[in-house]
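Heads up, the thing below is written out as structure tokens.
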Amino acid sequence: MKFWLGASFSDTDQFVELARAAERCGFDTLTLSDHLFYADFASPYPYSKSGRPRWNASTHWPDVWVTIGAMAAVTTTLRFSPNVYIAPARDLFTVAKQVSTAAVLSRDRVTFGVGVGWCKEEFVATGQDFHTRGRRLDGMLPVLRSLWAGETVTLDGLPPLSICPVPARPVPVFVGGDSEAALRRAARLGDGWIGNRIYTEEQFDDVLDALRRHLDANGRSLDGFEVIAPLAALPDADTYRRFEAKGVTGTMAAPWWLATPEEKARYGEGTLDLKLATMERFAEEVIGKM
């Protein structure tokens, strides 16, 4: 079982120290989310009952790839992934160059966690078509893989082209999302899948069944396919072993969300000290027992 540290909503000046601590504590991957700006969104947020985002205008959303570059510079084994990067809100070549550069500078420690997004306002602001975002992502992913492999590609209206630098190893592509379309895309085009909700065991069994069905339709199976699922369960090694037996290869955790009242009183809500202390406890009580 691989443990991903869900570091979204952290202040920007905390990420470098969180990366150092994540590597020390045995986390496999540090992940952070992607948003371009805050507004009074008309688009409904799909992961809250109210349809309103869980953050406000003062919540930090640092650029994913700049932040990964900074964290990669102070670590040697920790991997990094957006959860998830909204690639179709950008043009193909911006995405290709950002990810390729981050992969090179991190010495191949980048996973491309990608999704179609929910926020129409971000697509309007960047001049991209919100309504064709799924179809455009389907077309982007094979071209991105070719560019990252150092290949020359030919696109309509452009001469044959390539990019440089490119990573030494393929960048794994993990598709995020809970919809049938996202699960189909992961099974057809991805090396893995990242869940965006926090799942009970019953909910997750349904997701796994759907993933197996879509993988089978593409001549694939869960063997060699990564499944990263945030689980609605208290951190416990036995619980994670049970999910691992089902086919889960990794889970996401933000240990400070489960800080004890004593820890909160001692360190303060949202502080770096609280995050570091709860990560150390999680490493001892969970990761160290797997």
Side-chain angles (χ1 to χ4, degrees), residues 2 4 28-32 34 63-73 75-117 128 132-177 181-194 211 214-215 217-228 249-250:
K2 298 174 183 177
W4 287 32
D28 178 83
T29 298
L30 186 150
T31 182
L32 63 165
D34 169 44
D63 179 84
V64 167
W65 303 110
V66 173
T67 308
I68 286 174
M71 294 187 293
T75 54
T76 57
T77 60
L78 184 68
R79 296 189 61 83
F80 304 97
S81 176
N83 180 36
V84 291
Y85 193 63
I86 311 306
R90 283 88 169 180
D91 67 272
L92 172 72
F93 298 105
T94 296
V95 177
K97 183 57 68 76
Q98 287 177 321
V99 178
S100 182
T101 303
V104 169
L105 290 175
S106 67
R107 293 186 173 87
D108 301 302
R109 289 185 283 137
V110 163
T111 295
F112 188 48
V114 65
V116 298
Q128 305 295 328
T132 62
R133 65 196 191 281
R135 184 165 68 249
R136 288 188 294 107
L137 179 58
D138 288 351
M140 290 173 77
L141 289 176
V143 180
L144 288 170
R145 287 187 187 272
S146 293
L147 289 170
W148 295 334
E151 298 173 5
T152 297
V153 301
T154 302
L155 303 172
D156 290 345
L158 294 172
L161 57 89
S162 61
I163 65 170
C164 192
V166 295
R169 290 192 285 274
V171 176
V173 174
F174 287 18
V175 176
L183 296 173
R184 282 196 301 270
R185 182 173 295 112
R188 183 163 48 89
L189 297 171
D191 303 300
W193 169 82
I194 306 173
L211 268 176
H214 293 307
L215 286 164
N218 287 276
R220 306 176 68 188
S221 72
L222 283 176
D223 291 340
F225 186 85
E226 298 275 349
V227 177
I228 310 299
T249 59

Answer yes or no: is there a donor N or O on one side and an acceptor on the other, between the side chain of Thr249 and the main chain of Val227, under 3.5 Å?
yes
Indicate the atoms forming the closest heavy-atom contact of Ser106 with Ala72, along with that distance.
CB-CB, 3.6 Å
How long is the gap from CZ on Phe225 to CG on Leu211, to the nearest 0.5 Å?
5.5 Å
Closer than 3.5 angstrom, by distance alone: can the side chain of Ser221 be matched with the main-chain N or O of Asp223 as a donor-acceptor pair?
yes
Between Ala96 and Trp148, what is the shortest heavy-atom contact and its length?
O-NE1, 3.1 Å
Donor-acceptor pair, distance only, cut-off 3.5 Å: does the side chain of Asn83 make one with the backbone of Thr31?
no
To the nearest 0.5 angstrom, please state how far the CG atom of Leu189 sits from the CG atom of Leu144.
11.0 Å
To check you understand the geometry: which heavy-atom pair defines the closest contact between Ala182 and Val175, and what is its length?
O-CG1, 3.8 Å
Distance from Leu32 atom CG to Tyr85 atom OH, nearest 0.5 Å?
11.0 Å
For the atom pair CD1 (Ile68) and CZ (Arg109), what is the distance rounded to the nearest 0.5 Å?
10.5 Å
Distance check, rounded to the nearest 0.5 Å: Thr75 atom OG1 versus Leu30 atom CG?
9.0 Å
Over all heavy atoms of both residues, which pair between Pro170 and Pro172 is shortest? Give the atoms and the distance, please.
O-CD, 3.4 Å
Quick one: does Ser100's side chain have a donor or acceptor within less than 3.5 Å of a partner on Pro165's backbone?
yes
Ignoring hydrogens and angles, tell me if any N or O in the side chain of Trp4 forms a donor-acceptor pair with the backbone of Asp28 under 3.5 Å.
no
May I ask you to decide whether Arg145 forms a salt bridge with Asp191, counting only side-chain N to carboxylate O separations under 4.0 Å?
yes
Can you list the steps and then say if Ile228 with Ser81 is a side chain to side chain contact (heavy atoms under 4.5 Å, CB included)?
CA-CA 12 Å; Ile228 310 299; Ser81 176; over 6 Å; no
Would Asp138 and Arg188 count as a side chain to side chain contact (heavy atoms under 4.5 Å, CB included) here? Give the steps.
CA-CA 9 Å; Asp138 288 351; Arg188 183 163 48 89; 3.2 Å; yes
Shortest non-hydrogen contact from Pro82 toward Thr111
CD-O, 3.3 Å
Between Val95 and Phe112, is there a side-chain heavy-atom distance shorter than 4.5 Å?
yes
Intermediate values then yes/no, side chain to side chain contact (heavy atoms under 4.5 Å, CB included), Val84 and Asp34:
CA-CA 6 Å; Val84 291; Asp34 169 44; over 6 Å; no
Report the C-alpha separation of Lys2 and Arg79 in whole Å, then their side-chain angles, then the decisive distance to 0.1 Å, and conclude whether the side chain to side chain contact (heavy atoms under 4.5 Å, CB included) test is met.
CA-CA 11 Å; Lys2 298 174 183 177; Arg79 296 189 61 83; over 6 Å; no
Arg136 (side chain) donor-acceptor with Ala89 (main chain) under 3.5 angstrom
no
When rounded to the nearest 0.5 angstrom, what is the spacing between CG in Asp108 and CZ in Arg169?
4.5 Å
Please confirm whether the backbone N or O of Phe93 pairs with a side-chain atom of Asp91, one donor and one acceptor, at under 3.5 Å?
yes
On a heavy-atom basis, the closest approach of Leu137 and Arg185 is CD2-CD, 3.8 Å
